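To find a chain, count down the sequence lines: A is the first, B the second, and so on, and within it residues start at 1. Nothing here was measured: the structure is a model prediction, and the numbers come from that model.
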Number of protein chains: 2
Amino acid sequence: MNVYKGILNHIARYVELSESEIKEFISILKTTRVKKRQFIVQPGFVSEYRNYIVEGSVRVFYLDDLGKEHTVIIAIEDWFFTDFYSYIHRTPAEYYAEALEDSLILQMKYEDVEELCSRIHSLSQYFRLFTERSMAYSYKRTISNISKTSEERYWEYVNKYPQIASRVPQYVLASYLGISPESISRIRSRS
Amino acid sequence: MNVYKGILNHIARYVELSESEIKEFISILKTTRVKKRQFIVQPGFVSEYRNYIVEGSVRVFYLDDLGKEHTVIIAIEDWFFTDFYSYIHRTPAEYYAEALEDSLILQMKYEDVEELCSRIHSLSQYFRLFTERSMAYSYKRTISNISKTSEERYWEYVNKYPQIASRVPQYVLASYLGISPESISRIRSRS
DNA sequence: TGTGCGTTAAGAAAAAAGCTTGACCTTTAT
DNA sequence: ATAAAGGTCAAGCTTTTTTCTTAACGCACA
């Protein structure tokens, strides 16, 4: 199936699965279409799934007490997203995951993933390796946030992810980088 | 606290609570902010709360097999809403409650309400009286639906709730009155 | 057998979202 | 002390999305 091509490729970059393992894995995937501005995860409901984007884009953000949004994930094709805390602990989510475009996502339930991972060693390996890599990136981002200026962070992101930067609304990027939209506007006009 | 003013006033229209009763009541209220388009209740999840709107607006609707939406409640400030069946019976909801605007709501859990009502007579009275009044209105609406023409229902609603009619999208009102949006458009142009 | 209302499709109108700019303020690193 | 960096607020502009209207057509039923 074509929709699975991306995610199977993603896995293949880390481990090798047998035909039957691939079949089993595919069997736990739920295909879902969401429309722009639709919430896939929202506060109050448990984030049941790990989500993989086949097509489209999504952001995950937190709404603070002052009503300010803090984007923690900007995801496009071939990326995963979820409210990880909620997903792992089965507690109500505290984040929103919102489609930035009409999107096609693959969803896998916590229990199904756990069950498969407990039986299929290489799949477990895959999630471990991939998650570790994500962690490493996450640290990098934290460091960047505390040590660099707004302008540096902005250009760093734009250079690293030019396709994403031009695809998502500026205020999303702003809330991801911890900069005001106005400042981004000024940074851009300076160049 | 200012956010409680509305709901305490609502209660005061029916019964009188002592200071300590008010305190107890307030202690079971959870303040929640929701964003436009966010679902507060969703099919598949138990509607845990009775919800009171401090600010904003919400609609409750049913999605039929043909994908058509039937709005059963349009609620603004000082109104309550929930999927009542789900709330009372602790079964998965069949309705959506969706914020039409960014809103601030007060939520009270079923168990907490029951517990308080079992101890505080006037609070129990309040919910009884208020619910009875809602029931009476509900019957009225049913009768209106079966005995009046689209046009009559439309004007009836607009006259009774002009603020709401001008505030919510017409297609919501249409799906509440059981009229097509196009017909509403024609009704309006006729006047 | 015409009136009332639904459906579909297209366009117009209105509203919301997104971006920019200026004025002004606060923090912080010289 | 003060300049640079970046935040906030408010206003205005542009673009996109949503909502409303209208026309054409069909069906049911009084």
Side-chain angles (χ1 to χ4, degrees), chain A residues 34-39 56-59 61 63-71 74 96 98-103 144-158 164-191, chain B residues 34-38 56-57 59 61 64-71 74 98-103 144-158 162-191:
Chain A
V34 292
K35 294 179 60 122
K36 183 171 177 177
R37 276 173 239 271
Q38 187 178 333
F39 293 116
S57 55
V58 170
R59 69 161 172 152
F61 68 95
L63 195 64
D64 72 19
D65 301 335
L66 299 159
K68 218 169 157 183
E69 300 174 357
H70 304 272
T71 298
I74 298 176
Y96 294 86
E98 176 196 33
L100 295 172
E101 306 171 313
D102 290 357
S103 305
S144 173
N145 275 334
I146 56 175
S147 66
K148 304 216 166 132
T149 66
S150 298
E151 184 150 6
E152 285 169 334
R153 274 177 282 143
Y154 175 73
W155 290 119
E156 183 175 83
Y157 189 92
V158 169
I164 304 183
S166 64
R167 193 164 154 190
V168 307
Q170 209 134 99
Y171 75 87
V172 168
L173 187 50
S175 78
Y176 180 82
L177 296 173
I179 314 176
S180 72
E182 293 93 335
S183 286
I184 288 203
S185 201
R186 286 182 197 112
I187 290 171
R188 297 183 74 170
S189 75
R190 254 180 252 148
S191 81
Chain B
V34 293
K35 292 189 61 96
K36 182 173 176 177
R37 276 173 237 270
Q38 186 178 336
S57 55
R59 68 162 174 153
F61 67 94
D64 73 18
D65 303 335
L66 299 158
K68 220 169 155 182
E69 299 172 359
H70 303 274
T71 300
I74 300 175
E98 177 197 32
L100 294 172
E101 305 171 313
D102 290 357
S103 306
S144 173
N145 276 334
I146 57 174
S147 67
K148 303 213 168 137
T149 65
S150 299
E151 184 151 5
E152 285 169 334
R153 273 177 283 143
Y154 174 72
W155 291 118
E156 184 175 83
Y157 190 92
V158 169
Q163 351 74 305
I164 304 183
S166 64
R167 189 164 157 189
V168 307
Q170 209 135 95
Y171 74 87
V172 169
L173 186 50
S175 79
Y176 180 82
L177 296 172
I179 315 176
S180 71
E182 293 89 341
S183 286
I184 288 201
S185 202
R186 285 182 205 113
I187 290 170
R188 299 185 73 169
S189 74
R190 253 178 253 150
S191 81

ask   = Going by heavy atoms in the side chains, are A/Lys36 and A/Leu100 under 4.5 Å from each other?
value = no
message = Does A/Ser180 reach a base, just sugar-phosphate, or nothing at all? Heavy atoms under 4.0 Å.
response = base
query = Donor-acceptor pair, B/Ser175 side chain versus B/His70 backbone, under 3.5 Å?
reply = no
task = Report which part of the nucleic acid B/Ile184 touches: base, sugar-phosphate, or nothing (heavy-atom distance under 4.0 Å, all strands).
result = nothing
task = Specify the separation, in whole Å, of atom NZ of B/Lys36 and atom P of C/dA15.
result = 12 Å
message = Pair B/Ile184, B/Tyr171 - check side-chain contact (heavy atoms from CB on, under 4.5 Å), show working.
response = CA-CA 9 Å; B/Ile184 288 201; B/Tyr171 74 87; over 6 Å; no
Terminal contacting nucleotides, 5' and 3', DNA chain D versus chain A (heavy atom, 4.0 Å) = D/dG6 to D/dT18
request  = Determine the contact category for B/Ser185: base if any of its heavy atoms lies under 4.0 Å from a base atom, sugar-phosphate if only primed atoms, P, OP1 or OP2 are that close, otherwise nothing.
outcome  = base
message = Rounded to whole Å, please give me the gap between CZ in A/Arg167 and P in C/dG18.
response = 15 Å
query = Taking NZ, NE, NH1 and NH2 as the nitrogens, is one of them in B/Lys35 or A/Glu98 under 4.0 Å from a carboxylate oxygen of the other?
reply = no
ask   = Tell me: CG of B/Leu100 to P of C/dA16, nearest whole Å?
value = 12 Å
ask   = In whole angstrom, what separates A/Glu101's CD from C/dA17's P?
value = 17 Å
Side chains of A/Ser144 and A/Glu156, donor plus acceptor under 3.5 Å = yes
B/Ala174 to B/Ser180 - nearest heavy-atom pair and separation = CB-C, 4.0 Å
ask   = Which part of the nucleic acid, if any, lies within reach of A/Lys68 when heavy atoms closer than 4.0 Å are counted: base, sugar-phosphate only, or nothing?
value = sugar-phosphate
ask   = Just to confirm, is there a sub-4.0 Å distance from OP1 or OP2 of C/dA17 to any side-chain nitrogen or oxygen of A/Gln170?
value = no
ask   = Nucleotide by nucleotide, 5' to 3', does protein get under 4.0 Å of the base (B), only the sugar-phosphate (S), or neither (-) in nucleotides 22-30 of chain C, counting heavy atoms?
value = BB-------
Option from B/Ile74, B/Thr71, B/Val172 for which side chain to side chain contact (heavy atoms under 4.5 Å, CB included) with B/Phe61 holds = B/Thr71
request  = Would you kindly give the CG-to-C1' distance between B/Leu177 and C/dC5, to the nearest whole Å?
outcome  = 14 Å
ask   = Does the distance from a Lys or Arg side-chain N to an Asp or Glu carboxylate O, for A/Glu69 and A/Arg59, drop under 4.0 Å?
value = yes
request  = Identify the two heavy atoms, one from B/Ser103 and one from B/Gly56, that lie closest to each other, and give their separation to 0.1 Å.
outcome  = OG-CA, 3.3 Å
remark   = Per nearest nucleotide of DNA chain D, the residue lying toward the 5' end, A/Arg37 or A/Glu152, is A/Glu152
task = Provide, to the nearest angstrom, the distance between the CZ atom belonging to A/Arg59 and the P atom belonging to C/dA17.
result = 12 Å
message = I need the OH-P distance between A/Tyr171 and C/dA16, as an integer number of Å.
response = 15 Å
